[in-house]
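Down below is the structure, laid out as structure tokens.
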Number of protein chains: 2
Amino acid sequence: MLCTPNAYASDCPTRVVLDRVADKWTVLILGLLSRGPLRFNQLRRAIEGLSQKMLSQTLKGLQRDGLVARRIEATVPVTVEYRLTPLGRTLIDPVDALRIWAETHIDAVRAAQAAYDEAETA
Amino acid sequence: MLCTPNAYASDCPTRVVLDRVADKWTVLILGLLSRGPLRFNQLRRAIEGLSQKMLSQTLKGLQRDGLVARRIEATVPVTVEYRLTPLGRTLIDPVDALRIWAETHIDAVRAAQAAYDEAETA
DNA sequence: GACATCTGGTACCCATCAGAAACCAGGGGT
DNA sequence: ACCCCTGGTTTCTGATGGGTACCAGATGTC
């Protein structure tokens, strides 16, 4: 490795990884896959507002980064199953923590936003 | 609150918060501020590749969400100090975990990418 | 006075990207 | 024949991320 991993250096590849991992759809997809393998349309239906394109694109990126494995099942119709790899499983905790933080502190954030917007307008 | 916090529902405000928190610059900025207050240009210099505009924009968002407090110091020249709020401090652990994950697993990810690209080309 | 430099930003422009909708392809149901 | 399911890709467009230049105010310095 050429650089000591340091997300604050722009030339460190860590930056690229952080960009993938610190992503809304990644967090939601990994959160679901942590509970077990799912098929393409199961994921799409479970995550409201996620378009086919973004799902396909995000899954492709996750596969490339070795976090998710894709397996074609010879059923009728052919189904495609996505599951976490061992590497992907090491990411469950950080990503879950983030999602849970958002769900837990949403009230505080909304209150802060309201206060901020109030001060702005006034 | 109208909805049980659920990041998987598109109409839940949690989604918006997750989008802010699951952001490359947010992760890097909060990671620095967790070690103590910093001024605008200190942050800018510490995070390579972060433009003034994105820093300004991200800090404004973090203020609105009540994660970061901005304090103007009557020094010469006037300096502006950014520090985490109590709410912001609750986010340190999740966000640090994400950054540390990226720094720790960068080798594995790079290897997976190389293998994937190899298979693609072949 | 003219100029550079520090502070912390804002205005403008452009390339990229996210998202919506259409389309593709193979098979099943009626 | 037609519409449904499966899992995508293509196309188009509006939003947005990000770079560059610029702004304001104070200090220094030639």
Side-chain angles (χ1 to χ4, degrees), chain A residues 7-11 15-29 32-33 37-65 68-83 116 119-120, chain B residues 7-12 15-29 32-33 37-65 68-83 116 120:
Chain A
Y8 291 98
S10 59
D11 57 343
R15 187 63 73 80
V16 182
V17 176
L18 187 59
D19 216 8
R20 139 125 314 108
V21 157
D23 170 76
K24 180 174 56 173
W25 300 130
T26 295
V27 168
L28 294 174
I29 290 172
L32 283 177
L33 290 182
L38 287 172
R39 290 182 294 99
F40 186 87
N41 279 327
Q42 286 180 324
L43 282 168
R44 190 164 75 83
R45 279 190 291 262
I47 305 176
E48 287 182 29
L50 172 56
S51 67
Q52 294 189 336
K53 178 189 154 188
M54 286 313 297
L55 177 56
S56 168
Q57 204 169 292
T58 307
L59 285 172
K60 210 177 285 180
L62 291 171
Q63 283 171 69
R64 192 172 102 93
D65 292 348
V68 162
R70 178 181 191 271
R71 204 174 64 192
I72 300 171
E73 309 265 348
T75 52
V76 171
V78 171
T79 55
V80 181
E81 192 185 79
Y82 293 91
R83 59 172 67 231
Y116 183 95
E120 278 283 275
Chain B
Y8 292 98
S10 59
D11 56 344
C12 182
R15 187 63 71 80
V16 182
V17 176
L18 187 59
D19 215 8
R20 140 127 314 108
V21 157
D23 169 76
K24 180 174 56 174
W25 300 130
T26 296
V27 169
L28 293 174
I29 290 172
L32 284 177
L33 291 182
L38 287 173
R39 289 182 293 99
F40 187 87
N41 280 328
Q42 286 180 324
L43 282 168
R44 191 165 75 82
R45 279 190 290 264
I47 305 175
E48 287 182 30
L50 172 56
S51 68
Q52 296 187 340
K53 179 193 157 188
M54 286 312 296
L55 177 55
S56 168
Q57 203 169 293
T58 306
L59 284 173
K60 208 177 287 179
L62 290 172
Q63 283 170 69
R64 192 172 104 92
D65 292 348
V68 161
R70 178 181 189 271
R71 204 175 65 191
I72 301 171
E73 309 266 348
T75 53
V76 171
V78 172
T79 54
V80 181
E81 193 185 79
Y82 291 92
R83 59 171 67 233
Y116 183 94
E120 277 283 275

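Below, chains carry the letters A, B, ... as their sequence lines are ordered, and counting in each starts from 1.
Between K60(B) atom NZ and dA11(C) atom C1' there is a gap of 12 Å when expressed in whole angstrom units. As a whole-Å value, the separation of Q42(B) CD from dG8(C) C1' is 13 Å. Rounded to an integer number of Å, the gap from K53(A) NZ to dC24(C) P is 19 Å. The distance between atom CD1 of I29(A) and atom P of dG7(D), rounded to the nearest whole Å, is 14 Å. The CG atom of L38(A) sits 17 Å away from the C1' atom of dG8(D) (whole-angstrom rounding). The CG atom of L55(A) sits 13 Å away from the P atom of dT6(D) (whole-angstrom rounding).
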Under 3.5 Å, which donor-acceptor pairs link side chains of residues 38-45 of chain A to any protein atom two or more places apart or in another chain?
{"residue": "N41(A)", "atom": "OD1", "partner": "R44(A)", "partner atom": "NE", "Å": "3.3"}
{"residue": "Q42(A)", "atom": "OE1", "partner": "R39(A)", "partner atom": "N", "Å": "2.8"}

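Two residues, K24(A) and P77(A), neighbour DNA chain C, and the one matched to the more 5' nucleotide by heavy-atom proximity is K24(A). Of the residues near DNA chain D, Q52(B) and W25(B), the one whose nearest nucleotide (by heavy atom distance) lies more toward the 5' end is W25(B). Comparing F40(A) and M54(B) by the nucleotide of DNA chain D that holds the closest heavy atom to each, the one mapping nearer the 5' end is F40(A). With DNA chain C read from its 5' end, the first of the two nearest nucleotides for V78(B) and Q57(A) is the one closest to V78(B).
Across all strands shown, R45(A) has heavy atoms under 4.0 Å from sugar-phosphate atoms exclusively, and none from any base. R44(A) comes within 4.0 angstrom of nothing in the nucleic acid, heavy atoms only.
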